[in-house]
Number of protein chains: 2
Amino acid sequence: MKSYHHGNLKEELIKYACTICERDGYTKLSIRSLAKESNVSQTAPYRHFKTKEEVYAAVAAEGFNKLYKAVFVESDKLTLKDFIQSSKNYIDFGLQNANTYDLMFGTAVGDFSQHPELVETANKTFESLVLNLSSFLKDKDEDILAGKSITVWALLHGMVGILRKQSITEVTFTLKNLVLWALQEE
Amino acid sequence: MKSYHHGNLKEELIKYACTICERDGYTKLSIRSLAKESNVSQTAPYRHFKTKEEVYAAVAAEGFNKLYKAVFVESDKLTLKDFIQSSKNYIDFGLQNANTYDLMFGTAVGDFSQHPELVETANKTFESLVLNLSSFLKDKDEDILAGKSITVWALLHGMVGILRKQSITEVTFTLKNLVLWALQEE
DNA sequence: GTTAAGATGTTTACACTGCAAACATTAATT
DNA sequence: AATTAATGTTTGCAGTGTAAACATCTTAAC
């Protein structure tokens, strides 16, 4: 016997949206299929999301949470090994969650500022990760430290983009050497 | 008096597709609007593109051509100034053609290998650019040189992704210092 | 505790989409 | 000149985003 009200429809919708977006790509997600999956009428999701883009934003936010969990290393001061592992985890996340990653960094959600919750989640994630990185990239100068962190991030982010399109260029590299070289640490 | 056959429909379709994809994002492109713009029946485009994804592939290929023109520097041996300018041009291209860039590096065209012309164009572009870069990043060792080129590319590519989402983090940096630092020159 | 209001669901409707199939016209090849 | 291939049109289907009007349940106010 099912009641008129679902109870926690929004969460269920997001959960399924995440699954579809990652498995088939976000263009394959339809509000209607979403509704059907929760045994709810076609337009019920519109009580929780004004537009489809808001669903995308929710999925992207979840993506940032997952990224955080995948990359963060519990430590006050990262060792080199931690650092390499963390970098590896970032790239792996990007490759193994390609469609979600695309949603997070592509143009599907055009203007983050329209989705305050997404902005908050994304900021929280990156502040934590940069802070985490900083404990390895120790440097007196604050600006240089920030610059290094961003550069490492850009490098990893860029690597994800490149490795995803193997067909463009066959890339063989050892992550460790590359990062070390870019950071000019021994 | 218009003739039954258009003449060069395919080119016209691609041209308009590029405009729409860049202006509104590729999700806004419809085969039908494309057809209408060329004063041709709704399904005429299907004589030239089997699926919508093939249209995307064509737009992406055009994107790689434009990227090449924007970034390539005519010179046998890049000066530092050339190199910086070229890097700047890459980032500018990514920022000012955000939607096209997304089409080129995102997941809209799922499998490049399904679109041989796109693979060819993308490869040509990157071979040229890497070769161009190499003339600045001179190094005895071939592998190190390749590694450096890829790293520079990844760094630039990553920067585009990050700068696009200013809302995530306010990034202030001087391109020159950053690249130089990453390359540990000077 | 009854009631009014707000949240959350349903139904219906509209204009639009990708794309398949059957057909028409023209261009190219023999 | 006749056949074939290329390129166009018409029609049709199943699916889409989302607006509007309506129903039901939950919650807060009295």
Side-chain angles (χ1 to χ4, degrees), chain A residues 1-21 23-60 99 103 106-111 114-115 117, chain B residues 1-21 23-60 99 103 106-111 114-115 117:
Chain A
M1 179 188 292
K2 69 171 229 187
S3 58
Y4 192 89
H5 282 101
H6 180 285
N8 63 335
L9 181 55
K10 186 169 186 177
E11 283 165 37
E12 209 175 292
L13 291 174
I14 292 176
K15 196 172 161 192
Y16 187 64
C18 286
T19 303
I20 296 298
C21 282
R23 200 188 57 200
D24 306 327
Y26 63 87
T27 54
K28 306 290 186 187
L29 178 71
S30 85
I31 298 287
R32 285 154 122 105
S33 69
L34 210 54
K36 190 176 288 182
E37 187 66 17
S38 291
N39 287 321
V40 108
S41 80
Q42 297 177 351
T43 58
Y46 282 94
R47 295 294 140 196
H48 301 279
F49 304 96
K50 263 207 286 285
T51 65
K52 200 179 170 184
E53 187 169 311
E54 279 196 0
V55 178
Y56 288 156
V59 175
N99 286 322
L103 206 43
T107 54
V109 180
D111 184 5
Q114 303 282 313
H115 311 275
E117 212 167 314
Chain B
M1 178 190 292
K2 70 172 226 184
S3 57
Y4 191 89
H5 282 101
H6 181 284
N8 63 336
L9 181 56
K10 186 168 186 177
E11 284 165 38
E12 209 174 293
L13 291 174
I14 292 176
K15 196 173 162 192
Y16 187 64
C18 286
T19 304
I20 296 298
C21 282
R23 199 188 58 202
D24 306 326
Y26 63 87
T27 54
K28 305 291 185 186
L29 178 71
S30 85
I31 298 286
R32 282 154 122 106
S33 68
L34 209 54
K36 191 176 285 180
E37 187 67 17
S38 292
N39 288 320
V40 106
S41 80
Q42 298 177 350
T43 58
Y46 282 96
R47 295 295 143 194
H48 300 278
F49 304 96
K50 264 207 285 285
T51 67
K52 200 179 171 185
E53 187 170 310
E54 280 197 1
V55 178
Y56 288 156
V59 175
N99 285 323
L103 206 42
T107 55
V109 180
D111 184 4
Q114 303 282 313
H115 311 275
E117 211 167 317

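Side-chain atoms are counted along with the backbone in the values below, which use heavy atoms only and exclude waters and symmetry mates.
- A:Tyr46 places a side-chain heavy atom less than 4.5 Å from the side chain of A:Ile31.
- Residues B:Asp24 and B:Leu29 have side chains not in contact (no heavy-atom distance under 4.5 Å, counting atoms from C-beta outward).
- Note: A:Tyr26 and B:Tyr26 have tilted aromatic rings, judged against thresholds of 30 and 60 degrees for the angle between ring planes.
- Per the geometry, CD1 belonging to A:Ile31 stands 14 Å off P belonging to C:dG9, to the nearest Å.
- Between the OH atom of A:Tyr46 and the P atom of C:dT11 there is a distance of 17 Å, given to the nearest Å.
- The shortest non-hydrogen separation linking B:Leu9 to B:Ala44 is CD2-CB, 4.2 Å.
- Remark: P of C:dT11 and CD of A:Gln42 are 9 Å apart, rounded to the nearest angstrom.
- For the pair B:Arg32 CZ and C:dG18 P, the interatomic distance rounds to 7 Å; values are reported in whole Å.
- Within residues 48-59 of chain B, the residues that place at least one heavy atom under 4.0 Å from DNA chain C are, in residue-number order, B:Thr51, B:Lys52.
- OP1 or OP2 of C:dT17 has at least one side-chain nitrogen or oxygen of B:Ser30 nearer than 4.0 Å.
- Nearest heavy-atom pair across B:Leu103 and B:Ala60 is O-CB, 4.2 Å.
- For the pair A:Asn8 CG and C:dT8 C1', the interatomic distance rounds to 13 Å; values are reported in whole Å.
- Here C:dT8 presents its P atom at 9 Å from NZ of A:Lys10, a figure rounded to the nearest Å.
- Residue B:Leu34 is classed as having no contact, given no heavy-atom separation below 4.0 Å to the nucleic acid.
- Between A:Arg47 atom CZ and C:dT11 atom C1' there is a gap of 12 Å when expressed in whole angstrom units.
- Rounded to whole Å, the distance from CG on B:Asn39 to P on D:dG8 is 13 Å.
- Cation-pi check for B:Lys10 over B:Phe49 is met; the charged atom lies under 6.0 angstrom from the ring centroid and within 45 degrees of its normal.
- You won't find any donor-acceptor pair under 3.5 Å spanning the side chain of B:Thr43 and the base of D:dT11, going by distance alone.
- Taking for each of A:Leu29 and B:Leu9 the nucleotide of DNA chain D with the nearest heavy atom, the 5'-most of the two is the partner of B:Leu9.
- Neither side chain, B:His48 nor B:Glu54, offers a donor N or O lying under 3.5 Å from an acceptor on the other.
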